[in-house]
There are 2 protein chains.
Amino acid sequence: MTTSTVSFRYFILGLLTQQPMSGYDIKRLLKGFSWLIGSPSFGSLYPTLHALLKDDLVTVEIVPREGKPQRKIYSITEAGRQVLQEWIDQPVASDAPLKAFVMRLILASNFSYDGLIAYLQQRRSQVAAHHATLKQIAEALDEMDLGQRLALGYGLAIAATELAWLDSTLDRLSRPLQQPLPMEIAQGD
Amino acid sequence: MTTSTVSFRYFILGLLTQQPMSGYDIKRLLKGFSWLIGSPSFGSLYPTLHALLKDDLVTVEIVPREGKPQRKIYSITEAGRQVLQEWIDQPVASDAPLKAFVMRLILASNFSYDGLIAYLQQRRSQVAAHHATLKQIAEALDEMDLGQRLALGYGLAIAATELAWLDSTLDRLSRPLQQPLPMEIAQGD
DNA sequence: CGAGGCATGTAATACGTTACATGATTTC
DNA sequence: GAAATCATGTAACGTATTACATGCCTCG
């Protein structure tokens with residue numbers, strides 16, 4: 001079935017594995033990544049949370065605060081974790097947009113070390129294949145207009161960068177002892 | 001108003017400025033960029049074409065072919081060009097997803113040389129600002145989980161690449177004589 | 001002779017945005 | 001005292017996906 005875009009529903013659910021959060025917290029967190037994955041509006045964020053609650057994938061705790069608006073802190077349930085795991089395990093379409101990758105990247109690391117490595121390796125082979133395809137298209141160019149050629153060049157640059165990033169990241173993750181970045185992963189799942 | 005995502009409607013309309021095409025042609029063309037911008041399904045592509053036709057932004061020519069399915073070739077009208085120009089001229093939100101940039105990149109070059117340069121320069125300043133923001137977030141890290149840190153590193157790598165690409169592209173476009181890539185642009189609009 | 005590409009389309013449904021509505025607190 | 005941030009939510013609308021439906025041709 002190769003899920004990919006399947007919306008913010010599971011992504012939001014996945015963010016709650018890190019820590020319980022309110023809708024507002026989620027929005028703020030996602031703002032930093034809006035460039036890559038976009039950030040849902042409150043008009044879709046809150047209803048999504050309500051739907052997850054109705055399906056018993058999350059629970060709420062209402063926190064009233066003096067002099068400040070109340071907050072509704074959502075936590076993922078066991079059922080939620082199971083559903084999420086099933087979603088994570090589904091293969092990603094090879095031509096899925098970049099945003100699908102970043103979304104899963106953020107989630108995958110919260111599940112298992114092996115899963116993360118496997119995911120990055122899978123992505124590496126997909127991007128490598130994609131890069132090769134773009135190169136092929138670029139070679140058979142001509143009769144292509146400027147816009148397409150520019151976009152093609154851009155795509156190649158991005159793909160090359162992603163390959164380099166994947167290699168260095170996989171390298172850093174596989175020997176986590178001397179490097180500063182990966183810490184909590186050293187303890188595994 | 002800062003349009004950005006505003007859908008495939010204008011993007012498809014813009015593709016027709018390159019040359020008249022059928023829905024199937026558009027889909028095939030977009031497949032190569034699906035990684036970056038996604039590709040609309042036929043279920044939205046054909047209705048979009050019908051809507052553009054109804055609004056007199058495009059015209060159709062039905063081309064029957066012996067032994068093969070007929071084709072419906074769409075061409076943009078003068079009204080279509082005007083509407084498109086208005087859309088192109090609208091500013092893009094600074095946190096608009098990457099896909100919005102690539103879409104406009106493909107279109108912008110079909111309009112005017114100056115417009116393209118201006119667009120790339122505007123993008124450059126936006127990405128530079130974004131890159132700075134990410135760096136700031138990265139500095140104030142800790143308490144950030146692995147997934148977010150990875151995504152942040154990835155975002156920084158992509159942003160840096162895009163900056164480099166924008167610089168070299170702007171450089172190549174501003175002196176188009178000795179380089180092979182930009183040819184038809186030398187004649188300007 | 002079946003799979004996949006060519007080529008078009010419709011209907012049901014899911015997903016998401018914009019605009020609206022409320023209300024207190026902090027910052028300029 | 002106006003604007004931005006915090007914090008939640010609903011309703012109307014637009015946009016896209018999936019699944020369905022059709023039919024011929026080509027390649028293995």
Side-chain angles (χ1 to χ4, degrees), chain A residues 1-13 20-31 34 37-55 58 60-74 87 90 93 95-97 99-100 103, chain B residues 1-13 20-31 34 37-55 58 60-74 87 90 93 95-97 99-100 103:
Chain A
M1 189 160 258
T2 63
T3 319
S4 54
T5 321
V6 191
S7 78
F8 284 108
R9 185 173 207 255
Y10 295 97
F11 184 56
I12 287 168
L13 185 60
M21 278 186 286
S22 71
Y24 206 88
D25 290 335
I26 292 171
K27 179 86 206 217
R28 197 170 17 194
L29 174 70
L30 259 37
K31 223 175 198 170
S34 64
I37 62 181
S39 165
S41 62
F42 286 120
S44 69
L45 184 50
Y46 288 121
T48 299
L49 252 9
H50 299 333
L52 290 172
L53 189 65
K54 206 197 71 191
D55 293 347
V58 299
V60 211
E61 191 199 349
I62 289 140
V63 181
R65 296 174 306 161
E66 290 182 46
K68 284 186 178 178
Q70 68 165 195
R71 308 183 82 225
K72 296 175 83 170
I73 307 296
Y74 293 88
W87 182 72
Q90 283 180 262
D95 65 336
K99 110 183 208 187
M103 277 181 158
Chain B
M1 191 159 260
T2 64
T3 318
S4 56
T5 323
V6 191
S7 79
F8 284 107
R9 187 173 206 251
Y10 295 97
F11 183 57
I12 286 169
L13 184 60
M21 278 187 284
S22 71
Y24 206 87
D25 290 335
I26 292 170
K27 178 89 205 207
R28 195 170 20 194
L29 174 71
L30 259 35
K31 223 175 199 170
S34 63
I37 61 180
S39 163
S41 63
F42 285 120
S44 69
L45 185 50
Y46 287 122
T48 298
L49 253 8
H50 300 334
L52 290 171
L53 190 64
K54 206 197 71 193
D55 294 346
V58 299
V60 211
E61 191 197 351
I62 290 140
V63 181
R65 294 174 306 160
E66 289 182 48
K68 285 187 176 178
Q70 68 163 197
R71 309 182 81 223
K72 296 175 84 171
I73 308 296
Y74 293 88
W87 182 73
Q90 283 180 260
D95 65 336
K99 112 182 207 188
M103 277 182 158

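Reckoned from all heavy atoms, side chains included, excluding hydrogens, waters and symmetry mates. Not measured: the values here are computed from a predicted model.
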S.K.: Within less than 4.0 Å of OP1 or OP2 of C/dG9, is there a side-chain N or O belonging to B/Lys72?
M.R.: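 Yes, because at least one side-chain N or O of B/Lys72 sits under 4.0 Å from OP1 or OP2 of C/dG9.
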S.K.: Using a strict 4.0 Å threshold on nitrogen-to-oxygen distance, state whether A/Lys31 and B/Asp95 make a salt bridge.
M.R.: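 Salt bridge absent between A/Lys31 and B/Asp95.
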S.K.: Between C/dT10 and B/His50, is there an OP1 or OP2 to side-chain N/O distance shorter than 4.0 Å?
M.R.: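 For C/dT10, OP1 or OP2 has a side-chain N or O of B/His50 closer than 4.0 Å.
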S.K.: For each nucleotide in nucleotides 22-28 of chain D, reading 5' to 3', give B when a protein heavy atom comes within less than 4.0 Å of its base, S when such contact involves only the sugar-phosphate, and - otherwise.
M.R.: -BSS---
S.K.: In degrees rounded to 10°, what angle is found between the helical axes fit to the five outermost pairs at each end of the helix from C/dC1-D/dG28 to C/dC28-D/dG1?
M.R.: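 Computed from the C1' atoms at both ends, the axes differ by 50°.
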S.K.: How many angstroms lie between atom CG of B/Leu52 and atom NZ of B/Lys54, to the nearest 0.5 angstrom?
M.R.: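 Going from CG on B/Leu52 over to NZ on B/Lys54, the span is 10.5 Å.
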S.K.: Tell me which residues in residues 40-49 of chain B lie within less than 4.0 Å of DNA chain D, going by non-hydrogen atoms.
M.R.: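 Per residue number, the list reads B/Pro40, B/Ser41, B/Gly43, B/Ser44.
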S.K.: Can you tell me how far the OH atom of A/Tyr46 sits from the OG atom of A/Ser22, to the nearest 0.5 Å?
M.R.: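 Spacing of OH (A/Tyr46) from OG (A/Ser22) equals 6.5 Å.
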S.K.: Drop me the distance from A/Lys72's NZ to A/Glu61's CD, to the nearest 0.5 angstrom.
M.R.: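 Between atom NZ of A/Lys72 and atom CD of A/Glu61 there are 12.5 Å.
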S.K.: May I ask you to test the B/Leu49-B/Val58 pair for a side-chain heavy-atom distance under 4.5 Å?
M.R.: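 No, every pair of side-chain atoms sits at 4.5 Å or beyond.
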S.K.: Might you point out which heavy atoms bring B/Lys99 and B/Ile37 nearest each other, and give the distance in Å?
M.R.: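 Heavy atoms only, the tightest pair is O-CG2, 3.6 Å.
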S.K.: How many angstroms lie between atom CG of B/Leu45 and atom OH of B/Tyr24, to the nearest 0.5 angstrom?
M.R.: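 Reported to 0.5 Å precision, the distance equals 11.5 Å.
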S.K.: Atom OG of A/Ser34 and atom CG of A/Leu29: how far apart are they, to the nearest 0.5 Å?
M.R.: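 Going from the OG atom of A/Ser34 to the CG atom of A/Leu29 covers 11.0 Å.
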S.K.: A/Ile12 vs A/Tyr74, test: side-chain contact (heavy atoms from CB on, under 4.5 Å). Steps then yes/no.
M.R.: CA-CA 10 Å; A/Ile12 287 168; A/Tyr74 293 88; over 6 Å; no
S.K.: Return the nearest nucleotide to the side chain of B/Arg71; candidates are C/dA7, D/dA7, D/dA16.
M.R.: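 Ranking C/dA7, D/dA7, D/dA16 by closest atom to the B/Arg71 side chain puts C/dA7 first.
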S.K.: Is the distance from OP1 or OP2 of C/dT25 to the nearest side-chain N or O of A/Arg65 less than 4.0 Å?
M.R.: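 So the side-chain polar atoms of A/Arg65 never come under 4.0 Å of the phosphate oxygens OP1 or OP2 of C/dT25.
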S.K.: Are any of B/Arg9's side-chain N or O atoms less than 4.0 Å away from OP1 or OP2 of D/dA16?
M.R.: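 Answer is no, no contact under 4.0 Å.
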S.K.: Given the rule in the side-chain contact (heavy atoms from CB on, under 4.5 Å) test, do B/Leu13 and B/Trp87 qualify, once you have shown the distances and angles that lead to the verdict?
M.R.: CA-CA 11 Å; B/Leu13 184 60; B/Trp87 182 73; over 6 Å; no
S.K.: Supply the atom-to-atom distance B/Phe11 CZ to B/Thr48 OG1, rounded to the nearest 0.5 angstrom.
M.R.: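 Interatomic distance, B/Phe11 CZ to B/Thr48 OG1, rounded to 0.5 Å: 12.5 Å.
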